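In what follows, chains are A, B, ... by sequence order, proteins preceding strands, each numbered from 1. In this text the structure is predicted, and so the values were computed from the model without any measurement.
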Number of protein chains: 2
Amino acid sequence: MKVKDTLTYLKAHDIKPSAQRLAIMNYLLTHSNHPTVEVIYQALSTKMPTLSRTTVYNTLKLFVGHGASLSLTIDDQQQSFDGDTSLHAHFLCTRCGKIYDLPMDDSFKNQLGKTVEGHIVTELHQYYKGVCATCIKNEIKSLK
Amino acid sequence: MKVKDTLTYLKAHDIKPSAQRLAIMNYLLTHSNHPTVEVIYQALSTKMPTLSRTTVYNTLKLFVGHGASLSLTIDDQQQSFDGDTSLHAHFLCTRCGKIYDLPMDDSFKNQLGKTVEGHIVTELHQYYKGVCATCIKNEIKSLK
DNA sequence: AAACAACTTTGTAATGGTTACAATGTTGGA
DNA sequence: TCCAACATTGTAACCATTACAAAGTTGTTT
Ligand SMILES: [Mn+2]
Ligand SMILES: [Mn+2]
Ligand SMILES: [Zn+2]
Ligand SMILES: [Zn+2]
């Protein structure tokens, strides 16, 4: 992912570019780690020392408002963000805290934009919780 | 729902009863409003003036740990709770903040306890967001 | 180029939900 | 009754998020 592409992506979502917005959007588009504000701030503040946490908060809120990124509330402690705005599900490992992408059920997907029991559906979220493959492997190793 | 039933319910989940636990569990079992800690505290503190917010927090955490209630993270500001632990989906109205119950997709339900892409699934959540039927009606009224 | 208005970023302070903790109260068995 | 384990309470601390005002940036007009 080039900076040029990120610029195009921002413009496509009616977001006026700035150095900070490009950096944050570029981070989201090149990392599939579903980062928190703090993770993004730590990752970027080395290259951009004047960056403020408030800017990260404001910018992410702007992105979400313009449909350029998703806000996940799967963890009750911290909000996390996703540069992949396609309809997909998430798996939260309760051991290591990592969030994985999973496909979303088609029957659920189909309800976007429809009416369900009189309510208009504008957003869909599907969350799995459990123990991830990596943590299962580590668990088995430690038993040997 | 009688207090006797609530007592039975707590015992069935290996929770030692107390006046506070009975009151909170009884509130959850007789209200389908997906209350926050504050809502429960306000509702019960009139009848039980010494009740502490901390007790509500501790007790709900205990309930969730014993599978006697569910914790919902659909709203990013406040945790809400559900005395109905059956598998079902939730609809959050972004206008009025109410949370409604909806059926959960069967294909999604079936994945509980299974392994998905190597991850063990122990919990499932399906969230809809949008505008509820009541808010739609009010919107229409105000246009006339 | 200077002036200006609109917009953006920044740092700090405030907010508010949640948790930690120590003191107090309660319960049930020896 | 005594005692130990457990539960509740109120306060303080914590920490993610938001509010706010000052400082910086950008693009436009003259
Ligand atoms: Mn994702
Ligand atoms: Mn429910
Ligand atoms: Zn894991
Ligand atoms: Zn509504």
Can you tell me the distance, in whole Å, between the [atom1] atom of [X] and the [atom2] atom of [N]?
X: Asn58(A); N: dA19(D); atom1: CG; atom2: P; answer: 10 Å
X: Leu10(B); N: dC6(D); atom1: CG; atom2: C1'; answer: 16 Å
X: Asp76(B); N: dC15(D); atom1: CG; atom2: C1'; answer: 16 Å
X: Lys16(A); N: dT25(D); atom1: NZ; atom2: P; answer: 16 Å
X: Arg21(A); N: dT25(D); atom1: CZ; atom2: P; answer: 15 Å

Original post:
Along DNA chain C, 5' to 3', what are the outermost nucleotides having an atom less than 4.0 Å from a heavy atom of chain A?
Top reply: dC7(C) to dT19(C)
Please check this pair: side chain of [X] against backbone of [Y], looking for a donor-acceptor N/O pair closer than 3.5 Å.
X: Tyr127(B); Y: Thr73(B); result: yes
X: Asp84(B); Y: Ser86(B); result: yes
X: Thr36(B); Y: Val39(B); result: yes
X: His34(B); Y: Ile99(B); result: yes
X: Thr59(A); Y: Arg21(A); result: no
X: Thr30(B); Y: Asn26(B); result: yes

Original post:
Once the angle between the rings of His31(B) and Tyr27(B) is folded into 0 to 90°, is it parallel (under 30°), tilted (30 to 60°) or perpendicular (over 60°)?
Top reply: parallel
Subject >> Residues in contact with DNA chain C, drawn from residues 36-57 of chain A - heavy-atom cutoff 4.0 Å >> reply: Thr50(A), Leu51(A), Ser52(A), Thr54(A), Thr55(A)
**OP:** Establish, from distance only, whether the side-chain atoms of Gln111(B) and Tyr128(A) form a donor-acceptor pair under 3.5 Å.
**Re:** yes
**OP:** Determine: side-chain N/O of Gln79(A) to OP1/OP2 of dT17(D), distance under 4.0 Å, yes or no.
**Re:** yes
Subject >> Residue-phosphate contact under 4.0 Å: Lys61(A) side-chain N/O, dT18(D) OP1/OP2 >> reply: yes
Original post:
Nearest to the side chain of Gln77(B), which nucleotide is it out of dA16(D), dC6(D), dT18(D)?
Top reply: dT18(D)
